Amino acid sequence: MQDISRFFPGPPKEMKDGFSCMVWGRQLPVVRGTCNARPGICLNSESEIVIRAPSGFDPKKEANLWNRWLRNLLNKRIQILLEKWQPVMGVAPAEFRLKKMKTRWGSCNTVAKRIWINTVFVHLEPCLLEYVLVHELVHLLEPGHTRRFYQIMEIYLPDWKENDARLNTIELR
Ligand SMILES: [Zn+2]
């Protein structure tokens, strides 16, 4: 089992050299950049994460900065995936929300048509997020894990079992 806490050991209290964060399945080094305007975090040519905050920046504010940045990355990707899958599947959730969950990858309230996605996905390979999102979208067509559910799953993501097996090697905490 891979331990999820390894992917992002939380925002650094005091950022030392060698700090890194897993984003979309890749462990990226975090470097400090100069802060000339508002504090912020960005991906630099997809190969490193640059944090721009003044030295002595409030650790709580820095933790917030990290959380907002990671959620924002995930939100944007889900938005793109929804634009891809909604017309194909002919379903549309009323809303999706991100949530830190310890026992589930995602969930779907089929009555409210609300989909919850685990915030951990920003650390994992994008295909795993896509798998879970499509799984939850299928619930809007078939609420239970019935035979029909898996038949629909098979149509849209024929390789879903591989992704499922990969998720099962990751331990949520
Ligand atoms: Zn399900």
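The structure displayed is predicted, hence computed values, not measured ones. Sequential numbering from 1 along the given sequence is applied to the chain's residues.
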Between [Y] and [X], is there a side-chain heavy-atom distance shorter than 4.5 Å?
X	Y	result
Q86	P93	yes
L133	F121	no
R114	C108	no
M101	L172	no
W105	L124	yes
V138	W85	no
V31	I51	no
I170	V120	no

Quick check for you: to the nearest 0.5 Å, what is the distance between [X] atom [atom1] and [Y] atom [atom2]?
X	Y	atom1	atom2	result
L70	C21	CG	SG	5.5 Å
Q151	R147	CD	CZ	5.5 Å
I80	N75	CD1	CG	11.0 Å
L65	D58	CG	CG	11.0 Å
T169	D164	OG1	CG	10.5 Å
L98	I115	CG	CD1	12.0 Å

Side-chain donor/acceptor of [X] to backbone N/O of [Y], under 3.5 Å:
X	Y	result
W69	I41	yes
T110	K113	no
R148	L141	yes

List in chain and number order the residues that pass salt bridge (Lys or Arg N to Asp or Glu O under 4.0 Å) with [X], two or more places apart in sequence or in another chain; answer none if no residue qualifies.
X	answer
E130	K84
E162	none
E125	R166

What heavy-atom pair brings [X] and [Y] nearest, and what distance separates the two atoms?
X	Y	result
M22	Q27	SD-N, 3.5 Å
R52	C42	NE-SG, 4.5 Å
P29	S47	CD-O, 3.5 Å
A53	R32	O-NH1, 3.8 Å
A112	A94	O-CB, 3.5 Å

Tell me, please, which residues at least two apart from [X] pass side chain to side chain donor-acceptor pair (under 3.5 Å).
X	value
R68	none
S45	none
N44	E48

Q: Take L82 and L137, measure what side-chain contact (heavy atoms from CB on, under 4.5 Å) needs, and give me the verdict at the end.
A: CA-CA 9 Å; L82 284 174; L137 288 172; 4.2 Å; yes
Q) Should L128 and I78 be regarded as members of a common hydrophobic cluster, given that ILVMFWY residues are connected when their side-chain heavy atoms come within less than 4.5 Å of each other, either directly or indirectly? A)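 L128 and I78: one cluster.
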Q: If a pair satisfies ring-ring contact (aromatic ring centres under 6.0 Å, His included) and one of its residues is in residues 26-62, list it, with sequence neighbours excluded.
A: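 For residues 26-62: none.
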**Q.** Within residues 152-173 or reaching into it, pairs that qualify as ring-ring contact (aromatic ring centres under 6.0 Å, His included) - sequence neighbours excluded
**A.**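 Checked against ring-ring contact (aromatic ring centres under 6.0 Å, His included) - neighbours excluded - the pairs reaching residues 152-173 are Y150-W160.
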Q) For A165, what residues pass the side chain to side chain contact (heavy atoms under 4.5 Å, CB included) criterion, not counting sequence neighbours? A)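 Applying side chain to side chain contact (heavy atoms under 4.5 Å, CB included) to A165 gives none.
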Q) In chain order, what residues pass the side chain to side chain contact (heavy atoms under 4.5 Å, CB included) check against L28, with sequence neighbours excluded? A)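 Partners of L28 under the side chain to side chain contact (heavy atoms under 4.5 Å, CB included) test: V23, R26, L43, I49.
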Q: Using the six-membered ring of W24, assess whether NZ or CZ of R77 lies under 6.0 Å from its centre and within 45 degrees of the ring axis.
A: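 Satisfied, under 6.0 Å and within 45°.
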**Q.** salt bridge (charged side-chain N to carboxylate O under 4.0 Å, His left out) pairs, two or more places apart, involving residues 97-107
**A.**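 Non-adjacent pairs meeting salt bridge (charged side-chain N to carboxylate O under 4.0 Å, His left out): E95-R97.
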Q.
List the residues meeting ring-ring contact (aromatic ring centres under 6.0 Å, His included) with Y131, not counting sequence neighbours, and say none if there are none.
A.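 Y131 satisfies ring-ring contact (aromatic ring centres under 6.0 Å, His included) with no other residue.
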